[in-house]
Protein chains: 2
Amino acid sequence: MPRPVTIRTVAERAGCSIATVSRVLNGSARASAQVEARVRAAVAELGFRPSEIGRSLKTLRARTIGVVIPSLTNPVFAGSVAGIEAEARGRGHTPLLTATDYEPEREREIVSALVAQSVAGLVLTVADPDANATLDLLDAEAIPYVLVYNEPTQAERAAVTVDNGAASRALTEAFLAAGHRRVLFIAGRFSTSDRSRLRHQGYLAAMGVAGLSPEPVLELDYLADAAAHRAALEGLLAGPARPTGIICSNDLLALSVIAALREMGLCVPGDVSVAGFDGIAIGRLVSPALATVDQPTRRMGERAVERLFALIEGQGSRTVEHLPFELRTGGTLAPAPSLSELSLSEPEAVPAPARGKRPAQTASVSRPSASRKAL
Amino acid sequence: MPRPVTIRTVAERAGCSIATVSRVLNGSARASAQVEARVRAAVAELGFRPSEIGRSLKTLRARTIGVVIPSLTNPVFAGSVAGIEAEARGRGHTPLLTATDYEPEREREIVSALVAQSVAGLVLTVADPDANATLDLLDAEAIPYVLVYNEPTQAERAAVTVDNGAASRALTEAFLAAGHRRVLFIAGRFSTSDRSRLRHQGYLAAMGVAGLSPEPVLELDYLADAAAHRAALEGLLAGPARPTGIICSNDLLALSVIAALREMGLCVPGDVSVAGFDGIAIGRLVSPALATVDQPTRRMGERAVERLFALIEGQGSRTVEHLPFELRTGGTLAPAPSLSELSLSEPEAVPAPARGKRPAQTASVSRPSASRKAL
DNA sequence: CAAATTCGTGAAAACGGTTTCAGAGCCGTC
DNA sequence: GACGGCTCTGAAACCGTTTTCACGAATTTG
C-alpha cells in the first residue's frame with residue numbers, strides 16, 4: 001500500500017515548501033517560472049489531487065451545497081435537481097442530495113446533517129415555507145439558502161417559483177372558457193405542500209369571480225396507486241350532476257386520475273376534462289397530451305443556485321422570484337360536453353384568458369429563456 | 001458574530017478535555033456518569049454539532065458516497081438514485097450527486113472531483129463498463145465502487161443490473177408469440193449505453209432462434225423530440241412491408257415513438273405494437289399501458305449501496321448481480337394484425353389482451369385545440 | 001497488604017491543506 | 001555604497017476532530 005500523495009509529497013519531489021505548492025496550485029501568489037514548472041511536473045507525475053477536506057477545514061466551508069427535496073420520484077423535482085446539479089458543478093461545487101419523503105420531521109434532521117457537512121448553502125423544497133423550524137435554524141446559523149417551488153407569503157425568504165395562485169386561476173378560467181361549470185379540484189396533501197394550497201386558492205378565486213360555487217376539495221396522496229384514486233373518485237363521479245372538469249394539483253396525480261377515470265369507463269376528455277400542474281415532460285407524450293401548467297423546472301433549479309451564490313457572496317436578496325409559467329390547454333382539456341336535453345347547440349366559445357405569461361408576473365424575471373427541453 | 005461552537009467550547013463548558021467530549025459523543029470509551037451528563041448538557045445548551053470536516057480529516061474518508069449517473073431526467077435513473085439516497089442515509093452517509101449528461105469524457109473529471117472529496121465509495125452508471133479509464137482510476141486508487149444498470153462482461157467489477165440479454169430475448173419472444181414477424185428494434189445511442197447494446201443483442205438472438213431476419217437497427221437519441229423521431233420513422237413505416245412491432249431500448253424512447261406513430265395516423269397497438277424497456281412508473285398510467293420490461297429500479301439503487309458498504313468493509317465481491325425483471329405485456333403490445341387487415345385501409349379494433357380497453361386513442365389525438373400553445 | 005489491573009481522564013500529536021509572517025535576495029535610487 | 005522597496009520563498013500557525021499515550025486513582029488479585 002503506497003503512502004497517499006499529499007501536498008508534502010509534492011513539495012518534497014519539487015524541492016520546495018508546501019506553501020509554494022499551494023500557491024502554485026491556487027494561483028494565490030506568483031512563483032518563479034522555474035519553481036512553478038517543477039511543481040507542476042511533480043503534481044503530474046504523482047497524480048496529486050488536493051484533498052477538499054483539508055481545504056475545507058481551513059475555510060470552514062466545503063464546496064458543496066445541500067439539496068433537500070420531498071422525493072426524486074416526481075419528475076418535477078428531478079428536473080429542478082438536474083438544474084441545480086449542472087449550475088453547481090459549473091461553479092465547482094457538488095450537490096449533497098437528500099429526500100424528505102414528505103415527512104416534515106425529517107427535514108430537520110436532514111438539514112442538521114447537511115449543516116454538519118459545512119455546506120456552502122442549501123437549496124430546498126419544504127412542506128411549509130412560512131412556519132418552519134428548519135428554516136429558522138438556518139437563519140439562526142446564518143447559512144444562506146434558497147427555496148424552490150415554495151412560495152413563502154410571510155417570512156422574508158429567498159425563493160424561486162411560479163405564481164401558483166395566478167397559474168391556478170388561469171387554468172381554472174380555461175376550464176370555464178371551455179364551458180365547464182362543475183369543476184372539481186383534486187389536491188395533493190395540503191400538509192406537505194404549500195403549492196397544493198396555493199393552487200387550490202387560485203381555483204377558489206377563479207370560481208368565485210365567475211360566480212360559481214366550487215366543489216368540495218378532494219385531498220389525495222399522489223403516490224398512492226390508481227386503484228385508491230378510483231375508489232375515492234367513484235362516489236363523486238356518479239349521478240347526473242357529476243363534474244365535467246377536474247383540476248389536479250400536480251401532473252402525476254392527473255395521470256393517475258385519468259387512468260382511474262378510464263377504468264371507470266369514462267372518456268377523457270370526451271366525458272371529463274382533466275388538467276394537471278407542473279408540466280412534466282411525459283405529459284407531452286401521452287395522448288391526448290396532458291393539459292397542464294408548464295413550469296421551467298430545470299431553469300428554476302439553475303436560478304436557485306445562481307441566487308444562492310449571490311447570497312453566499314453577500315449580494316443576494318431574500319425575496320420571492322416568480323418565473324413565467326405557460327398554460328398548456330387542449331389535449332385532455334376539451335370543451336364541456338353539451339347537455340343534449342337542454343340545448344342542442346355547443347356552448348359558445350368564450351374568449352379564453354390570455355395564455356402564457358400573466359400580467360401578474362413580476363418583472364424581475366431574469367431571462368425569458370426558452371429553456372432546453374428537459375426530455 | 002458569535003464564535004462558532006466547536007468541541008473546545010463544549011469542553012470548556014463541561015469542564016473537561018476535548019478528548020472526553022469526543023469519547024462521550026462517539027461512545028468510543030466510557031466516561032463517568034457525572035462527566036457524561038455534564039458533556040451532554042453542554043452539547044444541548046450550545047447546540048453543538050460536530051463538524052464532519054474535522055472528523056473526515058482525521059479519518060481521511062468523508063461519510064459521503066459519490067453518485068454518477070447519465071441524467072436525472074430519465075425516471076429510471078431518478079428511481080435508482082432514490083434508492084441510493086435512502087439506503088445511504090440509513091447508514092449515516094449522504095450522496096454527492098453528479099450527472100454526466102451522456103458525455104463519457106465528463107465521467108473522468110466528475111469522478112476525479114468526487115475522489116478529491118474523499119468519498120467513502122461510489123455508485124455509478126457509465127457509458128462503457130468494460131473499457132473505461134475512469135473505473136481503472138478507481139481501481140488504481142483502491143476506492144470501492146458498484147455499477148448500476150451496467151453489465152460488465154470482461155472486467156471484474158461489482159454491478160447490480162438485470163440480465164438485459166435475457167430480458168430482451170423474452171420481450172422479443174413475446175412479440176413473436178403474438179404473431180409479429182417483422183419486429184423493428186429502436187435503440188438509444190450504443191456509444192453511451194451498454195444496456196442498449198445488450199438489449200439489441202438479445203433481440204437479435206431471439207429473432208435468430210425463430211429463424212426470422214432482424215430489421216436493421218434504428219439508433220435514436222431518446223432526448224430528441226417526437227418530431228425528430230417521426231422523421232426517422234416515416235420512411236421505415238411506409239409501404240406494405242412495414243413492421244408490425246417495435247421494441248425500444250427504453251421507455252422514454254417508446255413513449256416518444258408512440259406519440260410519433262400516432263401523429264402519423266397509426267394506431268398503437270392496432271397497427272403497430274410497441275414495447276419499451278425499464279418499467280418507469282408512468283408507463284403504467286398511460287393508456288393503453290406501456291408494454292415493457294420492469295426493473296426493480298429503486299431496489300437496484302438500494303442493493304448497490306448495500307454491496308458498496310460490503311466492499312468498504314472488505315467483505316464484498318466484485319461480481320455482476322442480476323436482479324429479477326418482469327415482463328409487462330398487453331397494453332401497447334397486442335396480437336399482430338392479420339395480413340388481410342393490413343391490406344385494408346381501416347383495420348378493426350384488435351381485441352386487446354388482458355383488461356380490454358379501447359386501444360384506439362388516436363381519434364382524440366389530433367383535436368384541433370391540441371395545437372394551441374402560447375409562446 | 002503489596003502488587004497488578006482496570007478505569008477515567010488530559011495533553012498532545014496527528015490528518016492535509018491555506019495563510020500569515022518574516023526573511024533572503026535582488027533591483028534601482030540617491 | 002547604503003537603503004528602501006520589490007519579489008520569491010519557507011517556517012509555522014491554524015482549522016476541528018480522533019486517537020494515542022501517559023498518568024493517577026480506584027479496584028481487584030495474590
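Throughout, protein chains are lettered first and strands after them, A, B, ... in sequence-line order, and every chain is numbered starting at 1.
A 4.5 Å side-chain heavy-atom check between B/T125 and B/P70 finds at least one atom pair inside the cut-off. At a threshold of 4.5 Å between non-hydrogen side-chain atoms, the residues A/T161 and A/L147 do not count as touching. Put simply, the side chain of B/P95 does not reach to within 4.5 Å of the side chain of B/V81, judged on heavy atoms. Between A/V160 and A/L323 there is a side-chain heavy-atom pair separated by less than 4.5 Å. For the pair A/L124/A/L135, a side-chain contact is recorded, criterion being any heavy-atom separation below 4.5 Å from C-beta on. Using a 4.5 Å cut-off on side-chain heavy atoms (C-beta onward), A/Y149 and A/T297 make contact.
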- Task: Please test A/T319 against A/R307 for side chain to side chain donor-acceptor pair (under 3.5 Å), starting from the C-alpha separation and ending with a verdict.
- Result: CA-CA 10 Å; A/T319 55; A/R307 293 192 62 197; 3.2 Å; yes
- Check step by step if side-chain contact (heavy atoms from CB on, under 4.5 Å) holds for B/I84 and B/I65. CA-CA 9 Å; B/I84 292 167; B/I65 68 172; 4.0 Å; yes
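Contact record, A/A11 with A/S17: CB-C, 3.7 Å, taken as the closest heavy-atom pair.
Rounded to an integer number of Å, the gap from B/L25 CG to D/dG16 P is 16 Å.
The terminal axes of the helix from C/dC1-D/dG30 to C/dC30-D/dG1, fitted over 5 pairs per end, subtend an angle of 50° to the nearest 10°.
A salt bridge links A/R89 to A/E85: one of the charged nitrogens lies within less than 4.0 Å of a carboxylate oxygen. Under 4.0 Å is where a charged nitrogen must lie from a carboxylate oxygen, and between A/E306 and A/R91 no such pair does. Salt-bridge formation is detected for the pair A/D136/A/R157: a Lys NZ or Arg NE/NH1/NH2 atom is positioned less than 4.0 Å from an Asp or Glu carboxylate oxygen.
With a 6.0 Å radius and a threshold of 12 heavy atoms from other residues, nucleotides or ligands, A/E313 has its CD atom above the threshold. Annotation: B/E321, atom CD; neighbour count of heavy atoms from other residues, nucleotides and ligands within 6.0 Å is above 12.
For the contact set between residues 111-121 of chain A and DNA chain C, defined by any heavy atom under 4.0 Å, there are no members.
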Short N/O separations, protein against nucleotides 23-27 of chain D, under 3.5 angstrom:
none

Taking only N/O atoms, report every protein-nucleotides 5-9 of chain C pair under 3.5 Å with atom names and distance.
unit_1 : atom_1 : unit_2 : atom_2 : d
C/dT9  : OP1    : B/S32  : OG     : 2.8
C/dT9  : OP2    : B/S32  : N      : 2.7

Please produce a list of atom pairs where a protein N or O lies less than 3.5 Å from an N or O of nucleotides 14-17 of chain C.
unit_1 : atom_1 : unit_2 : atom_2 : d
C/dA14 : N3     : B/K58  : NZ     : 3.1
C/dG16 : N7     : A/R8   : NH2    : 3.4
C/dG16 : N2     : A/G54  : O      : 3.2
C/dG17 : OP1    : A/S51  : N      : 3.3
C/dG17 : OP2    : A/I7   : N      : 2.7
C/dG17 : O5'    : A/S51  : N      : 3.3
C/dG17 : N7     : A/R8   : NH2    : 3.1

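By the ring-ring contact (aromatic ring centres under 6.0 Å, His included) test, B/F48 pairs with no residue at all, sequence neighbours left out.
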